[in-house]
There are 2 protein chains.
Amino acid sequence: MELSQRKEKILAAVVEHYIKTGEPVGSKTLLSALDITVSSATIRNEMAELVALGFLEQPHTSAGRIPTNEGYRYYVDRLMGVRPLDESVKRQIEAGVSLKNASPEAILAKASEFLADMTDCAAVSTTPSGENATIKRVEFVPVGTRTGMIVLLTSTGVIKSKVCRSDIDLNSSMIEKFYNIVKSSFLGLPLDEIDTATLQTLVASMGMDALTMIPFVSAVSELAQEAMQTMVMLGGQSNILRYREDYGTTAYELMDFLRRGEPISQLLANSKEDFDVKIGGENKFKQLENSSVIMAHYNIDGDNRGSIGIIGPTRIDYASLIPSVRYLTNLVGELLTQTLNDD
Amino acid sequence: MELSQRKEKILAAVVEHYIKTGEPVGSKTLLSALDITVSSATIRNEMAELVALGFLEQPHTSAGRIPTNEGYRYYVDRLMGVRPLDESVKRQIEAGVSLKNASPEAILAKASEFLADMTDCAAVSTTPSGENATIKRVEFVPVGTRTGMIVLLTSTGVIKSKVCRSDIDLNSSMIEKFYNIVKSSFLGLPLDEIDTATLQTLVASMGMDALTMIPFVSAVSELAQEAMQTMVMLGGQSNILRYREDYGTTAYELMDFLRRGEPISQLLANSKEDFDVKIGGENKFKQLENSSVIMAHYNIDGDNRGSIGIIGPTRIDYASLIPSVRYLTNLVGELLTQTLNDD
DNA sequence: CGTTAGCACTCTTTTCGCCTGAGTGCTAAC
DNA sequence: GTTAGCACTCAGGCGAAAAGAGTGCTAACG
C-alpha cells in the first residue's frame, strides 16, 4: 500500500514523536514538529484517513494518535532513515565486546550485558548452534583414584566438561583404551550423529572392555548433547522495568517469559533472514504482544550460527537501535570466527 | 532487653500476622489471634509500650502496628519457633539440588534457581572461594598451528579455560617444555601465590625459552586469577516484583543492585557465622534498607567456601525460610565435597 | 476541491470535599 | 492491673466539578 508523500511525512512524525515521548500525538504538536505549511485542521483530516487505513489509532475519542503495529511496520520498512552508525558509537560497541581469548559463552554473555546497557532494553543471545559442529578434541583428566574429568572441545570452540566416575580403580591402560576409542570413534564426528543407537553399536563392538568403558563413553555422549544445545544468555532484565507501562503484559510475566529461554531461542531461530524485526503480535507469543524484538544473526565461518537481539516495547527507537544491533552482531561473529580460526 | 511474657506473645503475634497479611495489625485482630483472656484495651496498652521500646511502630496515628527492624530482630533471635523441617520439604530440596557429576558452577546455579522458586524470593550463591585452593592440573589442547586451549583445574573442582596464542608455530618440544614448567612451578601452588613478582622470577629462570613460553605462562596466571574470583549466581530476579510495594526502594534499583554482583559477594562474605540473617538496615547497603537477607555458608572439606542466600522484604517468613536455606546450603556443601573427593 | 478557521463536543485527568471505618489514646470505674 | 466507653485522628474511597487536550464537523475561502 502506497501512501501520499504528505501522509508518509505525518506517519513518520507521529511514530517518531510517540517513540520519544510515549504520549499520544495531537495535530498541533505535529504542526510544530513538521516543516509543512498547512494548518492543524488539514493534519487532522490526514490523520483521520491514516486511522481508517489502519496505520494509526486513538486510545480514546479525545486523544492524539498513536501508531498501530502496521504503522510501525510501514515506518520501519519504508520511512525510517537508516543513518549510518556514528563513529563514536562504533568505537563504544567495539570496546564493549572486545574480550580476547575468551570462550564463546563469555563473549556472548558480555555482548548481552553490554547491549542491554547500551539500549536500555533486555538483551538476549544464543550460543553457537551445534548443528554442524564436530568433536574436535576429548581429554581425560584424572582427579581421584576412580574419578576423572572429561573435557570436550567442539569445532565451534565450545568447551564442556563433566566428572566421570569409573566402577574400578583407574589405570593407564584404561585411559589408553579410552583415548583409542575417542580417536577411532569420536574425533571429527558431527555432534548430532551421536545418538543412543550408534552408542550401542559402539559399546557392542568393544567386547570385553565394554563394561569398564561405559561410564567414559556415556559421559562423552552426554557432553556432546550439552554442547549441541544452544544456551540463551540473558542480560539487562532490570531494564524491563524502565518501560513497564508500555508492555501490555505485566513486567512479571515478561521477565518470567524471558527466564524460560526455550521460547526465546525458538523466536530467535525462527527467522532465517540475516536480520529481523518483529513488531508486536508479529511474533506469536502472547507475552510479547506489546513488545518488539530486534534481532540479528551472527555467522561463524560464514555459517549462520546464533543470534543476538533486544526486546523492548513496540515504541522502541528502531532507527537508532537497529544499526547498533546489526553492527554489534557482526562484530561478535567476526570475533568468534577469529578466536576459532586464528592460527 | 527482656520483655514480659505477655509482651513477647503480643510481639510474636504482630510479627507473624504482619508477615502473613502485610497489613498493620490492630488490637482487635490480635485479640482473636491470641489465646489470652484480656481485653483489647489491655493489648493496646501493651502495644503502646512496645512502640515506646522501639519494637513496633505505627504507619500513622490511626492504624495498627507493624514491627520495626528491632522487633523483627527480637522475634528472630528469641521468639521464632524453629520447627524442624517437614520431611516432604526435605525431599523436595534434595530433589531440587541433586545434579550428579556437574560442575560447581552448575550446581550452585541450579541451587539459586531452585531456592528462588521455592521461596518466591531472589536468591544468590557464590562459587567456592579460591582462597585456599591450589592448582591441581593444567592441560594444553592444541587447536590451530599457533593456538591452543589451556585448561586449568583447581583443587576446589573449578575448571577454567582460555585460548592461548603463540608467536611461533607450535611444536612438540615447546609443549613438552610447557608441561615441565607446569609440573615444576605450578602444580600444587596455591592460587593466591601467583602474582606478577613470582611470574617474573619464573620467566627469568627460563632463560632462552622465556620468549616462547610467555604466552603460555601468562595464560595460566590469568586463569588462576579467574579461578580465584568468586562468581555470584543470581536466581529468581523476577520474584522481586512479587513484593514490589514492600521494598522501600524501587524494584528497579533493587534489581540493579543485585545485578552488580560485587556488593552482594561482599555482603555474603562479610558474615563469618555459619549462618546469618540481616534485617533491613543491618546490612549497610541503602538499596537493601527495606530488605532482609537470609544466608548460610557451605563448607567444602570443612572449610567455609561460599554462601547461599535469599533476599526478600523485611516481612519475609523467617520461621519457615531460615531452616530451608540452612538445609539446602548444607546439602550443597555435602554435594560439592563429595563431587570433589569421591574416589 | 483541497484547505482553513471556528466551535461545540467528548473524554481523561486532576482536584476537592465529604464520608466512612478502622484503630487509637485517654479517662474513669472496677 | 484491667476494662468499658468515648472522643479523636487519619487514610482511603466516592463523586461531583473543573481543567485540559484534542477531536470532528461545518461553513467559508481561494
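Chain letters run A, B, ... following the sequence lines, proteins first and then strands; every chain starts at 1.
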Q: Could you tell me how far apart B:Y18 (OH) and C:dG23 (P) are, to the nearest whole angstrom?
A: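 About 14 Å, once rounded to whole Å.
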
Q: May I ask you to say whether B:E23 pairs ionically with B:R315, meaning some side-chain N is under 4.0 Å from a carboxylate O?
A: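 No salt bridge links B:E23 with B:R315.
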
Q: Strictly below 4.0 Å: does B:Q58 bring a side-chain N or O up to OP1 or OP2 of D:dT9?
A: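 Answer is no, no contact under 4.0 Å.
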
Q: I need a per-nucleotide contact map over nucleotides 1-6 of chain D, read 5' to 3'. Cutoff is protein heavy atoms under 4.0 Å; write B for the base, S for backbone only, - otherwise.
A: -SBBB-

Q: Rounded to the Å, how far apart are B:I43 CD1 and C:dT24 C1'?
A: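 So the CD1-C1' distance, B:I43 to C:dT24, works out to 14 Å.
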
Q: CZ of B:R259 to CD of B:Q237: how many Å apart, nearest 0.5 Å?
A: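 Going from the CZ atom of B:R259 to the CD atom of B:Q237 covers 8.5 Å.
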
Q: Write down the distance between NE2 (A:H17) and C1' (D:dA21), rounded to a whole number of angstrom.
A: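 Distance, rounded to whole Å: 14 Å.
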
Q: Between A:E87 and A:R91, is there a salt bridge with N-O shorter than 4.0 Å?
A: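 Salt bridge: yes.
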
Q: Might you confirm whether atom CD of A:Q5 has over 12 heavy atoms from other residues, nucleotides or ligands at distances under 6.0 Å?
A: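 Atom CD in A:Q5 is not crowded, with 12 or fewer foreign heavy atoms closer than 6.0 Å.
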
Q: Among residues two or more places apart or on two chains, list those pairs meeting ring pair (Phe, Tyr, Trp, His ring centres under 6.0 Å) that have a residue in residues 29-76 of chain A.
A: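 Applying ring pair (Phe, Tyr, Trp, His ring centres under 6.0 Å) to every pair that reaches into residues 29-76 of chain A, excluding sequence neighbours, yields A:F55-A:Y74, A:Y72-A:Y318.
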
Q: With rounding to the nearest 0.5 Å, note down the distance linking CD1 in B:I310 to CG in B:D120.
A: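 Between atom CD1 of B:I310 and atom CG of B:D120 there are 10.0 Å.
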
Q: State the pairing partner of C:dG25; accept Watson-Crick or G-U wobble contacts with both distances under 3.5 Å, and report none otherwise.
A: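 Its partner is D:dC6.
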
Q: Indicate yes or no: does B:E2 engage B:R78 in a salt bridge with an N to O separation below 4.0 Å.
A: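 Here B:E2 pairs with B:R78 in a salt bridge, since their nearest N and O are under 4.0 Å apart.
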
Q: State plainly whether the residues A:E70 and A:R73 are in salt-bridge range, i.e. N to O under 4.0 Å.
A: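 Salt bridge absent between A:E70 and A:R73.
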
Q: Partner lookup for C:dC30, please. Criteria are Watson-Crick or G-U wobble with both distances under 3.5 angstrom; report none if nothing qualifies.
A: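 Matched C:dC30 with D:dG1 under the 3.5 Å cut-off.
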
Q: Are there more than 12 heavy atoms of other residues, nucleotides or ligands under 6.0 Å from atom CD of B:E273?
A: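 It does not: B:E273 CD has 12 such atoms or fewer within range.
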
Q: Output the rounded distance in Å from CD1 (A:I10) to C1' (D:dT23).
A: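 After rounding, the reported distance stands at 15 Å.
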
Q: Reading nucleotides 11-21 of chain C 5' to 3', which nucleotides get B (base under 4.0 Å from a protein heavy atom), which S (sugar-phosphate only), which -?
A: BS---------

Q: Between atom CZ in B:R65 and atom C1' in D:dC10, what is the gap in whole Å?
A: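 Spelled out: CZ on B:R65 to C1' on D:dC10 is 14 Å.
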
Q: What integer distance in Å separates A:I66:CD1 from D:dG22:P?
A: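 Rounded to the whole Å, the gap is 14 Å.
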
Q: Given atom CD of A:E49 and atom P of C:dC1, what is their separation to the nearest angstrom?
A: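 These atoms are roughly 14 Å apart.
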
Q: For A:E23 and D:dG20, give me the distance from atom CD to atom P, rounded to whole Å.
A: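 Atom-to-atom, A:E23 to D:dG20, this comes out as 16 Å.
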
